Amino acid sequence: MQTYKMFIDGRWEDAASGETFETKNPFNGKVWAAIPKGGKEDAERAVEAAHRAFTSGLWPKYTASARGHLLRRLGDLIAESAEHLANIEVIDNGKLINEMLFQLKYIPQWYYYFGGLADKIEGAVVPIDKPDTFNFTRNEPLGVCVGITPWNSPLLLLAYKLAPALAAGNTFVAKPSEFTSASTLEFAKLVERAGFPAGVFNVVTGFGVDVGETLTTHKHVAKIAFTGSEGTGRKIGELAARNFKKVTLELGGKSPHIVFDDAEIDNAVNGVISGIFAATGQTCIAGSRLLVQRSIHDQFLEKIVNLAKTARMGDPLSTNTQVGPVTTPPQLEKILDYIEIAKNEGAECVLGGGRPSNPELSNGWFVEPTIFSGVRNDMRIAQEEVFGPVLSVIPFDTDEEAVHIANDTNYGLAAGFWTQDMRRILKVSAAIQAGTVWVNTYRVISYMSPLGGYKHSGIGRENGIASIQQYMQTKSVMISTAEDVANPFIMR
């Protein structure tokens, strides 16, 4: 069994308590690693280390170009280690090796992009209206930033936060999910190899009550970036607001996936299946509400059911597997509960609806790909985030009705629709209340394109130039060139 240590101030350390907790493989339910059970003392040590590194260590002496060089070096190391890191993530969270390997090969681009952006963020000379005054602005880092990541894509979602934070000159403390901490600890080895000064990047593992709350409330923490549930995000936002800390919150979604009657049907079928089942539904941007124009509803439903039936469930480390296990036992129970809720609400289960009967999957945390038809948008299955392989199918008649149903939710993280009508593309994409709208594709991301939510789906944006600006603050400097000091009792 693998035993890990935390990474604090450039050193590998056990938890102050000496305690560890087990992490299990979702495919077979077996314990495969021991993770340090960090507590308040460990979290405080990590923040203090990051604060020292920011205020008095070597890091403040690095030019923006030097920071960029280190980030690009880190990207190279990730690329070299992509297969190893992907395997660790699959063993820890149960997602498909095909997907995790794609992610790990793509993640270096975040460090290349923000490494290149580090010395491109400039201040400005302001043509101020005051005579004999020279005014310029500087963009400066915030200080210690905390990244709290979920269990579904730990290193990808860490990259969203870490790459812009370091490019801007901040220091960082990462707190991965207690269910999937191993890959972040493996990643810290690469940060060490890249040559970042001690304290610039730290990893504290443990549970939210002990570690997460300490990190969120510590006086030296300037910003918290969190990806996860709406409830936890709300609590983090409330705690951060007490001391005016900045936050980026990427929270839940109940994304509408709309198919109009002029869509390329086979492409739309593939897009819908990918949007909900490819990641076992364990993604905030999952297209979990399928809205189908009534004129093609029955035909389209038959096609997606027939395709979903062919999904191969099994070992996520096998390249032949198409649907893997759910990452955690609590999430498994939550999904099964929502399936029963949907049945009790009157939705018709036309595919799946429980755990698979295959005895080879009995030790793992599997749920069958599940499709409900006859769903109303006011049902809980259509309004609440399931975070699993469960699709709700809702018919509509007009464009206006589709947009109304799409927007009739507390969430607004993502949406997608399929059509060949350019006028409809422009009108519907403008009308949908979501941070990302895909047209004739789904679940596409880029390090260059901002990602974030409307409404209860969060605050702020990750990725792209917009994200690095959220790890900086603007200072205005005014220099007087006047020979005589003006009347001190009058504001100039």
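The structure presented is a predicted model; accordingly, all values stated were derived computationally and were not measured.
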**OP:** Evaluate the criterion side chain to side chain contact (heavy atoms under 4.5 Å, CB included) for residue pair Ile285 and Thr436; output intermediate values, then yes/no.
**Re:** CA-CA 9 Å; Ile285 57 176; Thr436 297; over 6 Å; no

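- A salt bridge is absent between Asp76 and Arg73; no separation between the charged side-chain nitrogens and carboxylate oxygens falls under 4.0 Å.
- Between Gln331 and Trp151, the side chains place no donor N or O within less than 3.5 Å of an acceptor N or O (distance only, hydrogens not considered).
- Counted by atom type alone, His257 and Trp438 present zero donor-acceptor pairs between their side chains at under 3.5 Å.
- Listed for the Lys30 side chain is no donor-acceptor partner under 3.5 Å among the backbone atoms of Asn363.
- A donor-acceptor pair shorter than 3.5 Å cannot be found between the side chains of Thr63 and Asp119.
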**OP:** Check the pair Thr248, Lys161 against side-chain hydrogen bond (donor to acceptor under 3.5 Å, both in side chains), reporting the backbone distance first and the verdict last.
**Re:** CA-CA 9 Å; Thr248 299; Lys161 301 160 181 57; over 6 Å; no

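- Remark: the Lys37 side chain and the Ser17 side chain contain no N/O donor-acceptor pair separated by less than 3.5 Å.
- Under the side-chain contact (heavy atoms from CB on, under 4.5 Å) rule, Phe372 has a single partner from Leu290, Ile339, Val350, Val393, which is Ile339.
- A salt bridge links Arg234 with Glu230; the closest basic N to acidic carboxylate O contact falls under 4.0 Å.
- Residues Glu384 and Tyr338 bring a donor and an acceptor atom of their side chains to less than 3.5 Å of each other.
- Applying side-chain contact (heavy atoms from CB on, under 4.5 Å) to Phe201 and the options Thr171, Leu162, Leu190 leaves one that passes, Leu162.
- Annotation: Ile265, atom CD1; neighbour count of heavy atoms from other residues, nucleotides and ligands within 6.0 Å is above 12.
- Evaluated for a ring-ring contact (aromatic ring centres under 6.0 Å, His included) with Tyr160, the options Phe114, Tyr447, Trp110 yield exactly one hit, Trp110.
- Ring planes of Phe196 and Trp59: tilted class, angle from 30 to 60°.
- Under the 4.0 Å criterion applied to side-chain N and carboxylate O atoms, Asp210 and Lys40 are not assigned as salt-bridge partners.
- With salt bridges taken as basic N to acidic carboxylate O contacts below 4.0 Å, one links Glu186 and Lys189.
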